[in-house]
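A short write-up of the structure that comes next.
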Amino acid sequence: QVQLVESGGGLVQDGGSLRLSCAASGRSFGTYTMGWFRQAPGKERDFVAAITAMRWGSNTYYVNFVKGRFTISRDNAKNTLYLQMDSLKPEDTAVYYCAANTGAPGNYAAPRMYNYWGQGTQVTVSS
């Protein structure tokens with residue numbers, strides 16, 4: 001069982017920055033593929049970014065509309081996943097969720113690949 005707790009959300013102005021954190025329980029965090037997703041009201045949960053475990057190359061992946069603005073990273077010693085969000089736009093407003101895949105890697109952009117989810121943190125970008 002893996003517990004994920006997000007933090008760092010809040011209200012920010014257009015063009016501002018936020019850093020989300022996701023603290024994970026357990027001693028095998030470094031072996032998980034981790035992802036960030038977001039869900040705006042009335043919309044589906046969308047992939048934002050993912051980072052594979054070190055054994056899979058610690059590769060990072062981003063959806064096109066956040067490339068160059070968001071950076072995913074992990075600190076395996078602290079069991080923590082991060083999402084640095086810069087140049088935020090009103091359309092980035094959503095609840096942001098972190099997710100963990102504890103099995104073999106697959107389609108990192110598909111929510112069904114992840115077997116553990118956090119409760120989400122609200123990000124609101126005002127214009």
Side-chain angles (χ1 to χ4, degrees):
Q1 189 78 6
V2 177
Q3 292 184 328
L4 304 172
V5 179
E6 302 98 334
S7 60
L11 175 63
V12 65
Q13 289 188 332
D14 191 355
S17 297
L18 282 174
R19 188 195 197 199
L20 304 184
S21 298
C22 173
S25 65
R27 294 181 289 182
S28 301
F29 174 77
T31 67
Y32 306 155
T33 290
M34 299 297 296
W36 286 101
F37 289 76
R38 69 188 189 187
Q39 188 167 19
K43 295 189 177 182
E44 294 184 350
R45 190 167 296 188
D46 292 329
F47 169 73
V48 175
I51 184 167
T52 62
M54 191 162 51
R55 61 178 171 170
W56 305 118
S58 296
N59 296 315
T60 58
Y61 304 92
Y62 299 92
V63 68
N64 284 341
F65 53 76
V66 305
K67 282 182 180 177
R69 300 190 298 125
F70 291 11
T71 303
I72 188 171
S73 62
R74 65 193 301 163
D75 185 335
N76 293 332
K78 294 182 179 180
N79 275 21
T80 304
L81 176 74
Y82 302 100
L83 184 68
Q84 176 66 41
M85 305 187 293
D86 299 317
S87 301
L88 282 162
K89 306 175 182 180
E91 50 264 44
D92 293 318
T93 295
V95 177
Y96 283 71
Y97 298 90
C98 71
N101 169 38
T102 60
N107 180 1
Y108 52 83
R112 66 179 181 275
M113 196 194 82
Y114 298 86
N115 48 342
Y116 293 99
W117 292 83
Q119 82 289 349
T121 186
Q122 176 71 46
V123 171
T124 303
V125 184
S126 63
S127 57

The test is side-chain contact (heavy atoms from CB on, under 4.5 Å); show your working for Val2 and Phe29 and say whether it passes.
CA-CA 9 Å; Val2 177; Phe29 174 77; over 6 Å; no
Derivation of the side-chain contact (heavy atoms from CB on, under 4.5 Å) call for Asp92 and Arg69
CA-CA 11 Å; Asp92 293 318; Arg69 300 190 298 125; 2.7 Å; yes
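Closest approach of Gln39 to Ala94, counting heavy atoms only: O-CB, 3.5 Å. In this structure, Gly118 and Tyr97 approach most closely via the heavy-atom pair O-CD2, 3.6 Å. The minimum heavy-atom distance between Leu4 and Gln119, with the atom names listed, is O-OE1, 3.6 Å. Closest approach of Thr80 to Ser21, counting heavy atoms only: CG2-CB, 4.2 Å. The shortest non-hydrogen separation linking Ser17 to Asp86 is OG-OD1, 2.8 Å. When all heavy atoms of Leu11 and Ser126 are compared, the closest pair comes out as CD1-CB, 4.3 Å.
In this structure, Thr52 contributes its side chain and Asn59 its backbone to a donor-acceptor pair below 3.5 Å. Asn79 places a side-chain N or O within 3.5 Å of a backbone atom of Gly26 that can act as its donor or acceptor partner. Although no hydrogens or angles enter the test, the distance criterion places no donor-acceptor pair under 3.5 Å between the side chain of Thr121 and the main chain of Tyr96.
Connection of Phe37 to Val123 is established within a shared hydrophobic cluster, with ILVMFWY side chains joined at heavy-atom distances below 4.5 Å, either directly or through further cluster members. Residues Val66 and Ile72 share a hydrophobic cluster, clusters being chains of Ile/Leu/Val/Met/Phe/Trp/Tyr side chains in contact below 4.5 Å. Taken together through direct or relayed side-chain contacts under 4.5 Å among Ile, Leu, Val, Met, Phe, Trp and Tyr, Tyr116 and Tyr82 form parts of separate hydrophobic clusters.
Atom-to-atom distance recorded for Trp117:CH2 and Glu6:CD is 9.5 Å, nearest 0.5 angstrom. Arg74 contributes atom CZ, which lies 7.0 Å from atom OG1 of Thr33 (distance to the nearest 0.5 angstrom). With rounding to the nearest 0.5 angstrom, the OG1 atom of Thr102 is 10.5 Å from the CE atom of Met34. Put simply, CG on Asn115 and CG on Asn101 are 5.5 Å apart, with the number rounded to the nearest 0.5 Å. Atom CH2 in Trp56 sits 15.0 Å away from atom CD1 in Ile51 (nearest 0.5 Å). Atom-to-atom distance recorded for Met113:CE and Asn107:CG is 7.5 Å, nearest 0.5 angstrom.
Within the 4.5 Å cutoff, the side chain of Leu18 has heavy atoms near those of the Leu88 side chain. Using a 4.5 Å heavy-atom threshold, the side chains of Pro90 and Asp14 count as touching. Two residues are said to be in side-chain contact when any heavy atoms from C-beta on lie closer than 4.5 Å; Phe65 and Glu91 fail this criterion.
When each of Leu81, Leu20, Leu83 is paired with Cys98, the side-chain contact (heavy atoms from CB on, under 4.5 Å) condition holds for Leu81 and for no other.
Phe47 has its ring centre no less than 6.0 Å from the ring centre of Tyr61. Side-chain rings of Phe70 and Trp36 stay apart, their centers remaining 6.0 Å or farther from each other.
For Gln3, the CD atom sits in a loose shell: 12 or fewer heavy atoms of surrounding residues, nucleotides or ligands are nearer than 6.0 Å.
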